[in-house]
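Notes to accompany the following structure.
A, B, ... follow the sequence lines: proteins, then strands. Residue 1 opens every chain. For clarity, every value in this text was computed on a predicted model and none was experimentally measured. Values below: every heavy atom of this structure, side chains too, minus hydrogens, waters and symmetry copies.
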Number of protein chains: 4
Amino acid sequence: MNHHSYFFFYLVVESLKRNKPKYKQIVDAAVVVIAENGYHQAQVSKIAKQAGVADGTIYLYFKNKEDILVSVFREKMSIFVENLQKILGADVSSEEKLYRMIENHFRVLHSDHHLAIVTQLELRQSNKDLRHEINNVLKDYLALLDRILAEGIEQGEFEKGMDIRLARQMVFGTMDEIITSWVMNDQKYDLMKLAPNVHRLLMKGMKAD
Amino acid sequence: MNHHSYFFFYLVVESLKRNKPKYKQIVDAAVVVIAENGYHQAQVSKIAKQAGVADGTIYLYFKNKEDILVSVFREKMSIFVENLQKILGADVSSEEKLYRMIENHFRVLHSDHHLAIVTQLELRQSNKDLRHEINNVLKDYLALLDRILAEGIEQGEFEKGMDIRLARQMVFGTMDEIITSWVMNDQKYDLMKLAPNVHRLLMKGMKAD
Amino acid sequence: MNHHSYFFFYLVVESLKRNKPKYKQIVDAAVVVIAENGYHQAQVSKIAKQAGVADGTIYLYFKNKEDILVSVFREKMSIFVENLQKILGADVSSEEKLYRMIENHFRVLHSDHHLAIVTQLELRQSNKDLRHEINNVLKDYLALLDRILAEGIEQGEFEKGMDIRLARQMVFGTMDEIITSWVMNDQKYDLMKLAPNVHRLLMKGMKAD
Amino acid sequence: MNHHSYFFFYLVVESLKRNKPKYKQIVDAAVVVIAENGYHQAQVSKIAKQAGVADGTIYLYFKNKEDILVSVFREKMSIFVENLQKILGADVSSEEKLYRMIENHFRVLHSDHHLAIVTQLELRQSNKDLRHEINNVLKDYLALLDRILAEGIEQGEFEKGMDIRLARQMVFGTMDEIITSWVMNDQKYDLMKLAPNVHRLLMKGMKAD
DNA sequence: CATGAATGAGCTTTCATTCAT
DNA sequence: TATGAATGAAAGCTCATTCAT
């Protein structure tokens with residue numbers, strides 16, 4: 001490679017970097033590395049290499065390794081939260097909002113296999129401290145789910161005396177278990193197609209009419 | 001040795017091991033150590049000390065550390081499976097069987113705080129391989145749940161077209177999420193009291209009548 | 001460039017540097033940072049920040065970090081040397097000159113706590129190379145001490161057959177040990193008051209008359 | 001090497017090890033490694049290799065690296081202390097005791113070049129915490145020196161009004177400076193021969209009679 | 001002259017597992 | 001069977017120095 005081609009190569013690489021600030025670059029690299037190597041094999045050096053930066057550069061943007069992992073969760077979770085906020089703002093029934101939530105939850109993970117592996121399998125191997133951090137991030141999401149449920153009760157769509165915490169745990173626990181199974185089965189079947197049935201089960205339960 | 005004789009040899013050795021008091025001693029010690037120190041602080045040497053044996057002795061009964069952990073899960077899961085088998089044999093409706101399953105699941109973990117911490121929080125930090133192993137153990141339990149669901153459909157108690165896999169994931173995911181939340185909240189409230197409501201939600205869903 | 005022209009070039013560059021305010025700024029910043037944070041916590045970035053310059057600027061004035069530290073020692077040592085030169089020029093006995101030297105040595109460090117910490121404790125943590133450099137700087141000072149001793153012998157004030165090197169090591173070793181103890185005791189007592197006794201001990205020894 | 005010769009080789013190595021318990025083995029290895037590589041290049045792995053043990057074995061005998069270094073100082077210092085205790089017990093004048101102390105101090109370091117390098121140059125590069133530890137160890141030694149001085153005053157051998165702390169600092173500072181210079185000059189001259197002159201200087205001072 | 005973002009080499013310590021007794 | 005001393009691989013983080021701007 002002569003020094004001209006090096007120069008242009010440099011420009012391309014640089015503009016890629018500039019368009020994706022290093023912070024995002026590293027977070028995205030972490031998702032890929034964790035998904036492909038597993039949580040315990042996701043060394044900082046691997047993440048750095050994947051991000052195209054030096055090991056030390058990581059520490060200009062993150063306090064420590066745990067900080068990277070929490071950031072991964074926070075950054076990606078914000079996709080769910082933002083979508084859910086839009087759904088909440090829509091002028092539709094609570095039942096429809098719940099449906100859209102399930103559908104959104106499934107779609108985001110369906111469309112990003114790496115992310116699905118990371119959130120459903122890998123990040124759960126983190127230690128208790130990190131898991132508490134992750135739970136804090138989750139709280140925002142679950143608070144929005146609670147709002148759907150509360151509004152549904154208010155509008156008479158959902159069972160009047162329903163325990164919101166239990167209902168939330170049923171909705172989230174169900175979605176989570178279904179997605180984890182799907183990931184552990186190597187994402188063989190079409191997750192999206194399950195949404196209507198899941199929604200129906202949650203709304204009307206298992207009892208025959 | 002062909003694979004048949006290997007299989008029988010395996011069965012004999014396994015049953016011998018499990019009858020030996022030290023095997024159980026070590027498994028029980030592992031539960032205590034993991035519950036009190038957390039998964040990542042549960043070194044083999046700590047388990048050995050708690051069991052009152054030398055480090056090396058562990059390896060006379062277990063192939064490696066992962067083998068201890070899988071054994072913990074298998075031994076303890078058998079309590080759930082045995083109870084559930086009794087429930088299945090009872091002459092009651094499928095709905096009642098489901099209720100008893102939930103009640104049993106909650107009760108076992110409610111009555112053994114160490115076990116609850118280990119199964120809901122600590123063992124989930126294990127790596128993918130171990131979690132696949134654990135899932136295999138779980139399968140027996142979930143197969144029994146599937147039988148309740150299939151019988152319920154057959155007898156017209158549960159929705160005819162219901163997807164059994166989804167329903168199973170809803171039931172298990174809901175129970176699991178509820179128990180995990182309870183453990184993470186330091187087991188502050190009475191888990192047992194939730195069983196009727198959980199059962200009602202799973203049966204009739206959230207929709208107002 | 002032959003070694004003569006190199007030598008003069010060196011002199012010019014050196015004198016240019018030392019007149020530049022930033023050079024002194026950085027040396028003074030280094031003293032403060034080392035005294036307050038300790039040798040091993042005195043990162044180049046901290047010194048730069050304390051001096052109010054960018055990290056990179058340091059390298060316009062110093063070859064590397066070691067060069068800063070040697071410069072600190074050289075700059076500060078020159079105070080001792082200059083004072084000692086004045087003392088040597090005074091028209092007093094050698095014994096009096098020795099007294100004034102001790103008194104000066106104590107006074108300079110007594111009046112600059114930061115400097116005392118840096119020279120007695122922190123700079124001694126440097127590696128062998130740097131300590132050899134520091135010793136070179138010290139040589140000028142010790143050479144002046146040797147002159148006091150030689151003159152004293154010549155004038156019949158000091159013991160005729162006295163080994164000058166040993167005597168120098170006794171004088172310097174004694175002063176150094178006393179000051180280091182004083183610094184390690186957090187400079188609790190009055191160093192200056194010790195000068196007469198130290199002088200007396202060095203002159204007449206411990207033996208009872 | 002056939003397995004017989006391996007066996008005998010093994011016996012020899014083992015008996016060497018057994019005669020020198022691992023603790024001492026490691027301390028001695030540390031002295032050699034520090035002397036030959038310098039304090040900052042004395043990695044735990046090098047010490048382990050020199051001691052003929054695995055890295056991990058170090059940590060069966062020492063809390064951490066600092067613990068090795070403190071132990072080096074403590075173990076070696078005890079030679080000085082034990083010798084000095086014998087000297088104190090001798091039925092000779094205080095002046096003679098002082099002489100023997102100097103002679104002993106010089107001899108121990110003169111006879112172990114590695115140790116001389118380690119105590120005079122390398123260990124002084126340790127951080128403040130370690131140096132405080134080292135100072136604690138030194139205190140025992142200096143306390144014995146103080147006893148010689150106090151007894152000398154009592155018996156009218158040493159100057160009546162003499163400040164013991166100052167005198168101790170003169171004696172130790174002088175010895176220390178002389179030895180350090182000798183080490184920095186690559187131990188070129190005969191340290192032992194200096195003892196009488198040093199003693200004379202300390203006793204009678206520099207002043208001409 | 002001055003900047004400061006980026007670099008990347010380097011090392012202590014833990015702990016699952018082995019194996020001579 | 002049981003022991004427990006010994007092993008040795010493996011990784012997060014710091015910071016002196018550079019160099020494009």
Side-chain angles (χ1 to χ4, degrees), chain A residues 7 10 14 17-18 21-22 26 40-49 51-69, chain B residues 17 20 22 26 40-49 51-69, chain C residues 17 20-22 40-49 51-69, chain D residues 7 10-11 14 17-18 21-22 26 40-49 51-68:
Chain A
F7 181 68
Y10 167 81
E14 273 309 290
K17 273 191 197 166
R18 248 192 285 282
K22 290 235 158 68
I26 294 166
H40 289 293
Q41 281 305 306
Q43 293 89 345
V44 171
S45 60
K46 265 190 200 147
I47 296 174
K49 189 175 233 178
V53 301
D55 293 18
T57 305
I58 299 268
Y59 292 88
L60 297 175
Y61 295 89
F62 300 89
K63 222 172 52 246
N64 49 34
K65 188 181 177 181
E66 185 171 314
D67 193 22
I68 310 176
L69 303 175
Chain B
K17 270 193 199 163
K20 286 279 173 174
K22 283 211 173 137
I26 294 167
H40 289 293
Q41 281 307 303
Q43 294 89 347
V44 172
S45 60
K46 262 189 202 148
I47 296 174
K49 188 174 233 178
V53 301
D55 294 16
T57 305
I58 298 269
Y59 290 87
L60 299 175
Y61 295 90
F62 300 88
K63 215 169 63 244
N64 51 31
K65 188 180 179 182
E66 187 172 308
D67 192 23
I68 311 175
L69 303 175
Chain C
K17 270 194 200 164
K20 286 282 173 171
K22 283 211 172 138
H40 289 293
Q41 281 306 305
Q43 293 88 347
V44 172
S45 60
K46 261 189 202 149
I47 296 173
K49 188 175 234 179
V53 301
D55 293 15
T57 305
I58 298 270
Y59 290 85
L60 298 174
Y61 295 89
F62 299 88
K63 214 168 64 242
N64 51 32
K65 188 180 178 182
E66 187 171 310
D67 192 23
I68 309 175
L69 303 174
Chain D
F7 181 68
Y10 167 81
L11 279 184
E14 273 308 290
K17 272 190 196 166
R18 249 194 283 282
K22 290 236 158 71
I26 294 167
H40 289 293
Q41 281 306 305
Q43 294 88 345
V44 171
S45 59
K46 266 189 199 146
I47 296 173
K49 188 174 232 178
V53 301
D55 293 17
T57 305
I58 299 269
Y59 291 87
L60 297 176
Y61 296 89
F62 300 89
K63 221 172 54 246
N64 49 33
K65 188 181 177 180
E66 184 170 314
D67 193 22
I68 310 175

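By the ring-ring contact (aromatic ring centres under 6.0 Å, His included) test, Phe62(D) is found to be paired with Tyr23(D), residues two or more places apart in sequence or in another chain being considered. Applying the side-chain hydrogen bond (donor to acceptor under 3.5 Å, both in side chains) test to Gln43(A) and every residue at least two apart in sequence or in another chain returns Gln41(A), Lys46(A). Taking Lys65(D) as the reference, nothing meets the side-chain hydrogen bond (donor to acceptor under 3.5 Å, both in side chains) condition, with sequence neighbours excluded.
In this structure, the CD1 atom of Ile47(A) is 18 Å from the P atom of dG8(E), given to the nearest Å. Taking atom NZ of residue Lys63(D) and atom P of nucleotide dT14(E), one finds them 12 Å apart after rounding to whole Å. Residue Ile68(D) contributes atom CD1, which lies 14 Å from atom P of dC11(E) at whole-angstrom precision. One atom, CG of Asn64(D), and another, P of dT14(E), lie 9 Å apart when rounded to the nearest Å. Between the NZ atom of Lys49(B) and the C1' atom of dA2(F) there is a distance of 18 Å, given to the nearest Å. Atoms CD1 (Ile26(D)) and P (dA5(F)) sit 14 Å apart, rounded to a whole Å. In this entry the distance linking CD of Glu66(D) with C1' of dT13(E) reads 15 Å, nearest Å.
In this structure, the nucleotide among dT12(E), dA2(E), dC15(F) sitting nearest to the side chain of Gln43(C) is dC15(F). Candidate nucleotides dT17(E), dT3(E), dA16(F) were compared by shortest atom distance to the side chain of Leu60(C), and dT3(E) ranks first. Taking only side-chain atoms of Tyr59(A), from C-beta outward, the nucleotide of dA2(E), dC13(F), dA6(F) with the closest atom is dC13(F).
Counting all heavy atoms, side chain and backbone alike, Ala42(B) lies closest to Ile47(B) at O-CD1, 4.1 Å. Nearest heavy atom pair, residue Val44(C) against residue Tyr59(C), reads CG2-OH, 3.9 Å.
Side-chain N/O atoms of Lys46(C) include none lying less than 4.0 angstrom from OP1 or OP2 on dC15(F). Proximity of Ser45(C) to the phosphate of dC15(F): no side-chain N or O atom is located under 4.0 Å from OP1 or OP2.
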Check your understanding: With Watson-Crick and G-U wobble geometry limited to distances under 3.5 Å, how should the secondary structure of DNA chain F be encoded in dot-bracket form, using | for bases paired to another strand and [ ] for crossing pairs?
Key -> .||||||||||||||||||||

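Ile26(A) CD1 to Ile68(A) CD1: the interatomic distance, rounded to the nearest 0.5 Å, is 7.0 Å.
DNA chain F is contacted by both Tyr61(D) and Val53(B); Val53(B) maps to the nucleotide lying nearer its 5′ end (nearest heavy atom per residue). Between Ala54(A) and Gln41(D), the one whose closest nucleotide on DNA chain E sits nearer the 5' end is Ala54(A). Along DNA chain F, the nucleotide nearest to Ile58(D) and the one nearest to His40(C) differ in position, and the one closer to the 5' end is contacted by Ile58(D). Comparing Asp55(B) and Lys65(D) by the nucleotide of DNA chain E whose heavy atom lies nearest to each, the residue mapping closer to the 5' end is Lys65(D).
Across all strands shown, Phe62(A) has no heavy atoms under 4.0 Å from either base or sugar-phosphate atoms. Counting non-hydrogen atoms under 4.0 angstrom, Val44(A) reaches the backbone sugars and phosphates but no base.
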